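This report refers to the structure that appears directly beneath it.
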2 protein chains.
Amino acid sequence: MFQLSKKIEYALIAIKHMAYGRRGQLFTTKEISDKYQLPYDLLAKLMQKLSKHRIIESYQGVNGGYILSRNPVELKVSEIIYAIEGKPSVTIVQCESETPENCSIHTTCTIKNPLVKLQSNINKVIDELTVMEMF
Amino acid sequence: MFQLSKKIEYALIAIKHMAYGRRGQLFTTKEISDKYQLPYDLLAKLMQKLSKHRIIESYQGVNGGYILSRNPVELKVSEIIYAIEGKPSVTIVQCESETPENCSIHTTCTIKNPLVKLQSNINKVIDELTVMEMF
DNA sequence: TATAAGTACGACTAACTAAGTCCGATTTCA
DNA sequence: TGAAATCGGACTTAGTTAGTCGTACTTATA
Ligand code: SF4
Ligand code: SF4
């Protein structure tokens, strides 16, 4: 319950690692997966997703790699979660998230509204956390 | 991600329903499962768990049923989650929760501490929510 | 005392998701 | 041209969630 996926954890570790680098420094997937013992193939795809969402920038070919393209002070953890999972970080109810009416008891449900409120409260907490604050 | 299980939602609906009752009123599992279109067998087991954790009180036999044994003003949603799931509501990292060292990258992980802090922040938000506040 | 209405409890299955793997393609430097 | 890197889809495995089933126990009451 409320557990972060491994993908998110790996992505965060990678991002944090890159945040340490000096300006313009490239990091390869192999380098990071070796250092933190992360499964290479899995991390590789995470990097691609982060790249697609412009959180990191990719350079192909020999001597290629990735570079953090955002300022750690402004980069929110919630953005990373969204990039990897493809949906907002906090979606504690199944109804309001994604498609609206995918719950069979939608009409008789009495707890939706309070939970949506809870959801937005939790959201605030997560939206406060930036990569910088993970140091 | 961060999604409540159906079990929790069903339990909350049932608890909320019982909170409406007058003092001493019994509710049967069938009554509740009918009204909110919840799977009877599943709800039945949830009620048993809630009963074991003294959140509701059970009366067997004909004319039996359940009664809310806690004051809605004091009953926290987090307690209900714990009763159903058997673990604290918020365990965003896999390491500190349950068994401490069940993560293969535990030694090289750089994000554990910040996430534990985040965890306690989210915990605060959830611990604030009582059944009464779901009305 | 038999029956019906209820809870108690464990085992089982199906569906879904998370985690990890594999393979081939593309890009680019030297 | 070959090595080192990103790119991207298909696949497999493991684990979790949701739901079902069968049976035993409890109790009021006809
Ligand atoms: S309608 Fe109620 S039960 Fe269904 S997903 Fe929304 S909150 Fe959960
Ligand atoms: S050690 Fe790091 S990666 Fe492993 S569970 Fe804890 S926070 Fe997650």
Side-chain angles (χ1 to χ4, degrees), chain A residues 1-11 13-14 18 25-34 36-53 55-67 69 81 84-87 91-92 94 97-98 102-105, chain B residues 1-11 13-14 18 25-34 37-53 55-67 69 81 84-87 91-94 97-98 102-105:
Chain A
M1 175 104 334
F2 287 111
Q3 191 162 294
L4 260 66
S5 68
K6 284 294 178 197
K7 288 182 187 177
I8 302 294
E9 295 194 320
Y10 297 164
I13 289 173
M18 297 174 77
Q25 183 177 6
L26 286 177
F27 299 91
T28 68
T29 301
K30 181 160 192 336
E31 186 183 345
I32 296 176
S33 76
D34 276 353
Y36 300 101
Q37 314 255 53
L38 311 178
Y40 173 82
D41 289 308
L42 188 48
L43 181 61
K45 285 205 296 206
L46 299 177
M47 299 298 269
Q48 286 164 33
K49 279 194 175 174
L50 292 171
S51 165
K52 269 197 169 176
H53 283 79
I55 291 172
I56 61 181
E57 199 174 339
S58 77
Y59 293 91
Q60 293 196 5
V62 176
N63 299 334
Y66 296 97
I67 188 177
S69 60
I81 295 177
I84 301 297
E85 304 284 2
K87 56 187 170 187
T91 55
I92 66 174
Q94 305 177 345
S97 65
E98 308 190 359
N102 57 353
C103 175
S104 61
I105 62 165
Chain B
M1 174 105 334
F2 288 109
Q3 191 161 295
L4 260 67
S5 69
K6 283 294 178 196
K7 288 182 186 177
I8 301 294
E9 295 193 321
Y10 297 164
I13 289 173
M18 297 174 78
Q25 184 176 5
L26 286 177
F27 299 91
T28 68
T29 302
K30 180 160 193 335
E31 188 183 343
I32 296 176
S33 77
D34 276 354
Q37 313 255 54
L38 312 178
Y40 173 82
D41 289 309
L42 188 49
L43 181 61
K45 286 205 295 203
L46 299 177
M47 299 298 268
Q48 288 163 31
K49 280 195 174 175
L50 292 172
S51 166
K52 270 197 168 176
H53 282 80
I55 290 172
I56 63 180
E57 199 175 340
S58 77
Y59 292 91
Q60 293 197 5
V62 175
N63 298 335
Y66 297 96
I67 187 176
S69 59
I81 296 179
I84 302 296
E85 304 283 2
K87 55 188 172 187
T91 54
I92 66 174
V93 288
Q94 304 176 345
S97 67
E98 307 190 0
N102 57 354
C103 176
S104 60
I105 60 166

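So that the names make sense, note that chain A is the first sequence line, chain B the second, and so on, each numbered from 1. Computed from a predicted model, the values in this text were never measured in an experiment.
- Side-chain atoms of A:K30 stay outside donor-acceptor range of the base of D:dT6, with no qualifying N/O pair under 3.5 Å.
- Between the side chain of A:K45 and the base of C:dT21 there is at least one donor-acceptor pair of N/O atoms closer than 3.5 Å.
- The OH atom of A:Y66 sits 14 Å away from the P atom of C:dT27 (whole-angstrom rounding).
- In this structure, the NZ atom of B:K49 is 17 Å from the P atom of C:dT7, given to the nearest Å.
- A pairwise comparison of heavy atoms in B:I92 and A:E9 identifies O-OE2, 4.4 Å as the closest pair.
- Atom CG in B:D34 sits roughly 14 Å away from atom C1' in C:dA5 (whole-Å rounding).
- Taking side-chain N and O atoms only, A:N63 has a distance below 4.0 Å to OP1 or OP2 of C:dA30.
- Checking the phosphate oxygens (OP1, OP2) of D:dC25, no side-chain nitrogen or oxygen of B:Y59 falls inside 4.0 Å.
- As a whole-Å value, the separation of A:Q48 CD from D:dA5 P is 15 Å.
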For salt bridge (Lys or Arg N to Asp or Glu O under 4.0 Å), just list the numbers for B:D34 and B:K30, CA-CA rounded to whole Å, side-chain angles, deciding distance to a tenth of an Å, and then say yes or no.
CA-CA 6 Å; B:D34 276 354; B:K30 180 160 193 335; 2.7 Å; yes
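- Judged by closest nucleotide on DNA chain C, A:D41 is the one of A:D41 and A:Q60 placed further toward the 5' end.
- Regarding B:K6, its NZ atom lies at a distance of 17 Å from the P atom of C:dA15, rounded to whole Å.
- A:F2 places its CZ atom 18 Å from the P atom of D:dT16, with the value rounded to the nearest Å.
- OP1 or OP2 of C:dA19 has not a single side-chain nitrogen or oxygen of A:Y40 nearer than 4.0 Å.
- Counting only distance, with no hydrogens or angles, the side chain of A:S69 and the backbone of A:I55 share a donor-acceptor pair below 3.5 Å.
- Both B:S51 and A:Y10 sit near DNA chain C, but only B:S51 has its closest nucleotide nearer the 5' end.
- Remark: A:T28 is not in phosphate contact with D:dA4, judged by side-chain N or O atoms under 4.0 Å from OP1 or OP2.
- Taking 4.0 angstrom as the limit, A:S5 places none of its side-chain polar atoms (N or O) nearer than this to OP1 or OP2 of C:dT17.
- Look at CG on B:L43: it is 18 Å from P on D:dT17, rounded to the nearest Å.
- Taking atom CG of A:L4 as the reference point, atom P of C:dT17 lies 18 Å away to the nearest angstrom.
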